[in-house]
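So the structure is just underneath, and the comments pick up after that.
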Amino acid sequence: DKGNHRHFMEKEIHEQPEVISHALSHYVDFTTNKVTTQPGIDFAAVRSLAISACGTAYLAGLTGKYWFERYARLPVEIDVASEFRYREMPLSPDQAALFISQSGETADTLASLRYCKAEGLKIGAVVNVKESTIARESDAVFPILAGPEIGVASTKAFTCQLAVLAALSVAAGRARGTVSEAEEIALVKSLIEMPRIMNRVLNAVQPQIENLARDLSRYKDVLYLGRGTSYPLALEGALKLKEISYIHAEGYAAGELKHGPIALIDENMPVIVIAPHDRFFEKTISNMQEVAARGGKIIFITDEKGAAASKLATMATIVLPNVDEIIAPMVFALPIQLLAYHTAVFMGTDVDQPRNLAKSVTVE
Ligand code: M6R
């Protein structure tokens, strides 16, 4: 049932504050502002973490890598499952592995899991479908509690995966002694605040994004740039846009601009720059200047501080509230999802069932 939404995707985008709040209640305590203990993987005892997944779930994992390394000082090896399973990488039982999958049935992710299991690693599954094969074959199941996701383009599963990975990385940091109790409380408070902020953002940016989507639908190529955790988000933005609007889109780490993609910049390829005012901001702005200097059109997705700090002319600037660094990926995911959604709606594509795609990829 789509309720009063035109598509499941739209419904699922708008459900995010509610489902994330539900997911978080499983991982953090809303009264003490602390993480709750999750059975299954002893993060204090492992030497490193291997993460494997496909598509959007992989991009959630890539964001998780930044968090586990930063907060838990836990080295993370991550790859798309179709490469991971064949790489013959050296693994040992003092490592743990996380497999992220909405459906819990993705063939390559399952094969990677079985490979790690055979090597004696502790296996954790970050899944939406709790009765899935990936969940059943894991030592620890970390449900994302997003509820059924019908749209082929993943939205609420992505942000719920992020919320769970963020909470797990803080839990791992506590277990490993790299996050203090005060830091834990501050990080968990930010996570708890997030659904309310997401609600506000969804309402605030909607009209502007609909207008922008009309403009964007006229282009054939779009580039997304970001640094730090905004880099996986740039990849996710490009994936979402290409999946449902069929516009060719690429995501790049902003620092890679001059190593290749800058050659493509002209007035026919809008560049979507994702840049909250974080420790990477100045660097990303200088990349944005390089785009502007070559006549590139910029769609700037930033926060209030970022908007005040940049003087560059843009095709559009989407201003989000200033938020703590740990929740920025979930909050910034919203305009990215909405932009892809409304662009596809303008182009009249089958948003919930895009051509050539299946919701669950159970063949290799
Ligand atoms: O069910 P899974 O999370 O394992 O699926 C992984 C990918 O197939 C999936 O995320 C795909 O990339 C989506 N269509 C993205 O919107």
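Note that this is a predicted model, so its numbers are computed, not measured. When a ligand or atom number is given, it counts from 1 through the structure's own listing order. For the numbers below, each heavy atom of this structure counts, side chains included, while hydrogens, waters and symmetry mates do not.
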Show the atom names and distances, to 0.1 Å, of all donor-acceptor pairs under 3.5 Å that link a side chain in residues 313-320 to residues at least two apart or in another chain.
{"residue": "Thr314", "atom": "OG1", "partner": "Ala316", "partner atom": "O", "Å": "3.4"}
{"residue": "Thr314", "atom": "OG1", "partner": "Thr317", "partner atom": "OG1", "Å": "2.7"}

[X] and [Y] ion-paired at < 4.0 Å:
X      : Y      : result
Lys34  : Asp29  : no
Asp350 : Arg355 : no
Glu325 : Arg70  : yes

Go through the side-chain N and O atoms of Ser154 and Glu149 and say whether any donor and acceptor fall under 3.5 Å apart.
->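 Distance-only check passes for Ser154 and Glu149.
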Would you kindly check if the NZ (Lys) or CZ (Arg) of Arg176 is within the cone defined by 45 degrees around the ring axis of Phe43 and under 6.0 Å from the six-membered ring centre?
->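 No, Arg176 does not lie over the aromatic ring of Phe43.
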If you count only heavy atoms, which residues are under 4.0 Å from ligand 1?
->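 Ligand 1 is contacted, at a heavy-atom distance under 4.0 Å, by Cys54, Gly55, Thr56, Ala57, Ser101, Gln102, Ser103, Thr106, Val152, Ala153, Ser154, Lys240, Glu243.
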